[in-house]
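First up is the structure itself, then whatever we jot down about it.
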Amino acid sequence: MELVSRALSSAAAEATTIPELGRVISEQIMPLVPHDGYMLRGVDPLTGAACFLTKEHGYGASFYRALETAEILGHDQHTLVGMIRSGRPVALLESGPLGGRHGFRHQEIMNATEVGGELRVALATGGRAWGLLVLLRGRGSRPFSPADAVNAGRLSTLLAEALKQYVAGRFLRPVRSAPPPGVVVIDSSDTIRAVTRTGRDWVRKLVPDIETADEGEIFAHVWNIALTARQPGRQALSRIPGPDGWIVLQAQLLDEPGSGGVAVTIQSASSDVLLPAAAVLYGITSREQEVIRWALDGLAVKQIARALRLSPHTVNDHFKAIYRKTGVNSREELVSGLSR
């Protein structure tokens, strides 16, 4: 496990794209939990909304969308949140009538594909969910065993740390070549009714494997965040690591009572959206966040000290702590990474 831990940490540091991260994770854990395919889904650590997906020999877009819908609506017996709360980070599912009593709809999906079994691993660390890894075996392959589940459980925290490390390593960077905000309008039946030109440009930035993706995969994030917006008490916001920087999806119901229509806005993430997530990623304290906010407004150290009723020496100490935690080398680099 120590060797695997070091290998996962190295892989997270070296991976340049989300598909590459998925592949190296699969390769590293293959000796411990053999599998025929996988689906790696990341979630926003503050809202729990899906923020990326990469897969190999996994479910198709329509099947994956059905699974996501079941989870958001609470129809799934083994949701990411449910697994974490139960203290059981691993779930085994098999196709067929006795496949873990998982639910009729899920059995339909598995039976309609070549998937014979699933092993789900909840990825959580520090009390927060970071994602879900679904390992798959094809129909006719040896089923996942209790020993596989034990090995996967031992890997769950290591995998969560690797996922968090990957995200943190690419967080503080300026957004380049960002188009103006885009909008996608979805009706109550989840049919896309309108897309602005920039909306379509943004949607394509959300998909790691854009060259091979179909329309279902391209709009998967949009459908998911729209469904989240219809759930009472859920924050329909997701911060997504894109190829040119951080993207934010936000959804809200249209002002038409009972219509179920949703407008999804896609744009580069602003500092007020990024800073709370950066605090979680790097362990930035509330006082350090206040210092960063004043720095983003362009205040000098003495002005920040006056605003917070601190000495300039203390403010500089806070900056040093922030640089150490985030890995940036200067105030300019910090502000640039958090600014649109």
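Here the side chain of Y166 pairs a donor or acceptor atom with the backbone of I18 at under 3.5 angstrom. Between the side chain of N151 and the main chain of V33, no donor-acceptor pair closer than 3.5 Å is present. Side-chain atoms of S9 do not come within 3.5 Å of backbone N or O of S5 as any donor-acceptor pair. Between the side chain of D44 and the backbone N or O of C51 there is no donor-acceptor pair closer than 3.5 Å. Checked by atom type and distance alone, the side chain of T326 pairs as donor or acceptor with a backbone atom of I322 at under 3.5 Å. Using a distance-only test at 3.5 Å, with no hydrogens or angles considered, no donor-acceptor pair links the side chain of Q303 to the main chain of L299. The backbone N or O of D272 sits nowhere less than 3.5 Å from a side-chain atom of R293 that would complete a donor-acceptor pair. When atom types are taken as modelled, the side chain of R137 and the backbone of G116 share no donor-acceptor pair closer than 3.5 angstrom. In terms of modelled atom types and a separation under 3.5 Å, the side chain of R128 and the main chain of P45 share a donor-acceptor contact. A donor-acceptor pair under 3.5 Å links the side-chain atoms of E20 to the main chain of T16, judged by distance alone.
The two residues V335 and A295 make their nearest non-hydrogen contact at CG2-O, 4.0 Å. The two residues P312 and K302 come nearest to each other via the heavy atoms CG-CG, 4.4 Å. Shortest non-hydrogen contact noted between T228 and A236 is CG2-CA, 4.1 Å. Closest approach of A305 and S311 over heavy atoms only: CB-C, 3.8 Å. Of all heavy-atom pairs spanning E333 and N329, the tightest one is OE1-N, 3.0 Å. V264 and A226 get closest at one heavy-atom pair: CG2-CB, 4.3 Å.
Note on V248 and I225: separate hydrophobic clusters, where clusters join Ile, Leu, Val, Met, Phe, Trp and Tyr whose side-chain heavy atoms are under 4.5 Å apart, directly or indirectly. Neither V183 nor W202 shares a network with the other; the hydrophobic side chains, linked directly or stepwise wherever heavy atoms of I, L, V, M, F, W or Y lie under 4.5 Å apart, form separate groups for each. One hydrophobic cluster, built from ILVMFWY side chains closer than 4.5 Å, holds both I284 and V280. Both L274 and W294 belong to a single network of hydrophobic side chains, linked directly or stepwise wherever heavy atoms of I, L, V, M, F, W or Y lie under 4.5 Å apart. Cluster annotation: W223 is connected to L249 through the hydrophobic network of ILVMFWY side chains, with a link wherever side-chain heavy atoms come within less than 4.5 Å.
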Evaluate the salt bridge (Lys or Arg N to Asp or Glu O under 4.0 Å) criterion for residues E2 and R6: first the C-alpha distance (whole Å), next the side-chain angles of each, then the deciding distance (0.1 Å), finally the verdict. CA-CA 6 Å; E2 185 176 343; R6 289 201 297 266; 2.9 Å; yes
Might you work through the side-chain contact (heavy atoms from CB on, under 4.5 Å) test for L281 and W130, ending with a clear yes or no? CA-CA 10 Å; L281 280 167; W130 293 91; 3.6 Å; yes
Run the side-chain contact (heavy atoms from CB on, under 4.5 Å) check on I29 and L159 step by step: do they pass? CA-CA 10 Å; I29 68 173; L159 291 167; 4.1 Å; yes
Step by step, work out the side-chain contact (heavy atoms from CB on, under 4.5 Å) result for K55 and V134. CA-CA 9 Å; K55 59 189 177 69; V134 181; over 6 Å; no
Between L80 and V43, is a side-chain contact (heavy atoms from CB on, under 4.5 Å) present by the stated rule, with each step listed? CA-CA 10 Å; L80 172 59; V43 300; 4.0 Å; yes
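Between the CG atom of L123 and the CZ atom of R41 there is a distance of 9.5 Å, given to the nearest 0.5 Å. Taking CE of M30 as the reference point, atom CG of L135 lies at 8.5 Å (rounded to 0.5 Å). Atom CG of D297 sits about 12.5 Å away from atom CD1 of I292, to the nearest 0.5 Å. Going from atom CG of L237 over to atom CG of L46 covers 9.0 Å, rounded to the nearest 0.5 Å. Taking CZ from R193 and CD1 from I186, the interatomic distance works out to 11.0 Å, rounded to the nearest 0.5 Å. Between the OG atom of S268 and the CD1 atom of I247 there is a distance of 8.5 Å, given to the nearest 0.5 Å.
Looking only at side-chain heavy atoms (C-beta outward), L254 and D187 stay at 4.5 Å or farther from each other. The side-chain heavy atoms of F219 and R200, taken from C-beta on, include a pair separated by under 4.5 Å. Residues L310 and H318 have side chains in contact (heavy-atom distance under 4.5 Å, counting atoms from C-beta outward). Side chains of W246 and V273 form no contact here, defined as non-hydrogen atoms less than 4.5 Å apart. Taking 4.5 Å as the limit, every side-chain heavy atom of L163 sits out of range of all side-chain heavy atoms of I25. At least one side-chain heavy atom of R239 sits less than 4.5 Å from a side-chain heavy atom of T47. In this structure, V184 and H221 have side chains that are not in contact, with every pair of non-hydrogen atoms separated by 4.5 Å or more. Residues T54 and L21 are not in side-chain contact: their nearest non-hydrogen atoms beyond the backbone lie 4.5 Å or more apart.
A donor and an acceptor atom, one from each side chain of E161 and T125, are located under 3.5 Å apart. Looking at E14 and S10, their side chains do bring a donor and an acceptor atom within 3.5 Å of each other.
Heavy atoms from other residues, nucleotides or ligands lying under 6.0 Å from CD of Q252 number 12 at most. Within a 6.0 Å radius of CZ in R331, other residues, nucleotides and ligands contribute more than 12 heavy atoms.
By the 4.0 Å N-to-carboxylate-O rule, D317 lies too far from R287 to be salt-bridged with it.
In this structure, the salt bridge (Lys or Arg N to Asp or Glu O under 4.0 Å) partners of D201, at least two apart in sequence or on a different chain, are R197.
The residue from L136, L133, D148, L93 that alone fulfils the side-chain contact (heavy atoms from CB on, under 4.5 Å) condition with L119 is D148.
Using the six-membered ring where Trp is involved, Y38 and H35 have ring planes that are perpendicular, over 60° apart on the 30 and 60° scheme.
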